[in-house]
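Letters A, B, ... are given to chains in the order of the sequence lines, protein chains preceding strands, and every chain is numbered from 1.
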There are 2 protein chains.
Amino acid sequence: MKVRTRKQEIFYTASRLFKEKGYTAVTMRDLAAAVGVKAASLYNHISSKEEILYEVIMTIAESFTKGIEEIRFGEGAIKDKLSLVVAQHVNLTANHPYGMASLNNDWMHLDSGKSQYLKLRNTYEQHFREIIKEGKTQGILKDIDEEVILFSILGTLRNLYLWIPKKADLDRDKLIESLGQTLLEGIEK
Amino acid sequence: MKVRTRKQEIFYTASRLFKEKGYTAVTMRDLAAAVGVKAASLYNHISSKEEILYEVIMTIAESFTKGIEEIRFGEGAIKDKLSLVVAQHVNLTANHPYGMASLNNDWMHLDSGKSQYLKLRNTYEQHFREIIKEGKTQGILKDIDEEVILFSILGTLRNLYLWIPKKADLDRDKLIESLGQTLLEGIEK
DNA sequence: ATTTTAAACTAACAATTGTTAGTTTTGTGA
DNA sequence: TCACAAAACTAACAATTGTTAGTTTAAAAT
């Protein structure tokens, strides 16, 4: 995440603080200090605290939904599509290591944007569900409750932001590979 | 979670609110209103807001760590132990549907209790890791990076609190069964 | 060099925060 | 019935919150 303008620096720094303490616990004075400025000065660049949250969350949420849409309607076998979903998650998380925390934990503090966000999330989950359904129809996936499959995979992927930073060593392609294997083929021999 | 005393009612109601909005965003006046009392009255039962968080989190955290310790050092095959870990997670989450949210998202707002909590969590993860290691040593588990296995399973389990309430229909034993299968054997045929 | 614009500052606001002090009500056992 | 303890209340506090107004400094454009 290359930072070009001051406004972007504010968004980025905010997302970092949001991850550490959560949106509500981060004050505008905290943020200002981290940026190296007085609280009031922030308002030369942004219009409200919530605007920051909105920007951080929606940017990522839109990428996710757009991405899975392309995967779902794209070419390729179901197994490959599932691998692509895992890969997209790893990549987006690696690109937005901080923002993912707000996406997961702070979306309820969105005001006007909350319904927008929930709509995107529902759409995302629906696309994912359809991919799984098709896999079951084709007889490629086991006959396990769809919701269990969906939330099992999604559960792991949603937590990626917590340990991707810690596992910087494990390179990205290896992670995509082994995580995909774990989630799709299981861990038992 | 049967509530017996007013104090327990406060803890329980608080954990419910904490799940909805997060610890920081819940005010003592919010909590008081939900309990049907004025904010100051809460202090006849508790000594601080943080005490509530501490109680909610530590009760559950201790159950987890104690539980996995028994599993790890108990009898039985590794595969069964892994299933037991999944089962314990489902059961504890079902028994503490709200508190799990704080355990996951609000522990950083613990003051004196934070290091205690982190110690419990590390111990938990370490026991889990050892079970996985033994599985690999015995040749029962695939040769996938331990950390990937650990956090993949744990990632899913940590999110259980978000959808167990929504899937009240899927009965508990079925959930343990299908979730265990998904996590351990994978979803591909 | 001068004007204009962008971005920092200081000071303050009204509202909200967790918490305390002191008082009144409620319920229980003697 | 009375006394006592538990638990509610009102009122207020000091600190902190997001935000605004007005001003000064720095940078860019003319």
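For B:Y98 and B:F18, the gap between ring centers reaches or exceeds 6.0 Å.
DNA chain C lies under 4.0 Å from at least one heavy atom of each of the following residues of residues 17-29 of chain A: A:R29. If you check residues 31-46 of chain B against DNA chain C, the residues with a heavy atom closer than 4.0 Å are B:A40, B:Y43, listed by number. DNA chain C lies under 4.0 Å from at least one heavy atom of each of the following residues of residues 47-59 of chain B: B:S48, B:K49. Within residues 108-115 of chain A, no residue approaches DNA chain D, by heavy-atom distance under 4.0 Å.
Under the side-chain contact (heavy atoms from CB on, under 4.5 Å) test applied with A:L31, the options A:V37, A:I46, A:L42 reduce to a single match, A:L42.
Here salt bridge (charged side-chain N to carboxylate O under 4.0 Å, His left out) pairs that include residues 30-43 of chain A, with residues two or more places apart or in two chains, are A:K21-A:D30. Residue pairs meeting the ring-ring contact (aromatic ring centres under 6.0 Å, His included) criterion with at least one member in residues 131-151 of chain A, sequence neighbours excluded, are A:F151-B:W163.
Partners of B:L92 under the side chain to side chain contact (heavy atoms under 4.5 Å, CB included) rule, at least two apart in sequence or in another chain, are B:S63, B:F64, B:Q88, B:H96. Among residues two or more places apart in sequence or in another chain, the ring-ring contact (aromatic ring centres under 6.0 Å, His included) test is passed with A:Y54 by none. Residues that satisfy the salt bridge (charged side-chain N to carboxylate O under 4.0 Å, His left out) test with A:E70, not counting sequence neighbours, are absent from this structure. Listed by chain and number, the residues in a side chain to side chain contact (heavy atoms under 4.5 Å, CB included) with A:R72 are A:H127, A:E130, A:I131 (sequence neighbours excluded).
Counting heavy atoms from C-beta on, the side chains of A:L184 and A:K79 never come closer than 4.5 Å. A 4.5 Å side-chain heavy-atom check between B:N105 and B:Y161 finds at least one atom pair inside the cut-off. In this structure, the side chains of A:F128 and A:I153 come closer than 4.5 Å at one or more pairs of heavy atoms. Taking the side chain as every heavy atom from C-beta outward, A:E51 and A:F11 approach each other to under 4.5 Å.
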Using a cutoff of under 3.5 Å, can you pull out all pairs of nitrogen or oxygen atoms linking the protein to nucleotides 3-5 of chain C, with atom names and distances?
none

A:L118/A:K114 under side chain to side chain contact (heavy atoms under 4.5 Å, CB included): CA gap, chis, key distance, verdict: CA-CA 6 Å; A:L118 287 174; A:K114 177 151 66 174; 4.1 Å; yes
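With respect to B:E9 and B:R6, a salt bridge is recorded, a charged nitrogen being found less than 4.0 Å from a carboxylate O. In this structure, B:E147 does not pair ionically with A:K174, as no charged nitrogen and carboxylate oxygen lie closer than 4.0 Å.
On the nucleic acid side, DNA chain D has its first and last nucleotide under 4.0 Å of a heavy atom of chain B at D:dA7 to D:dA12, going 5' to 3'.
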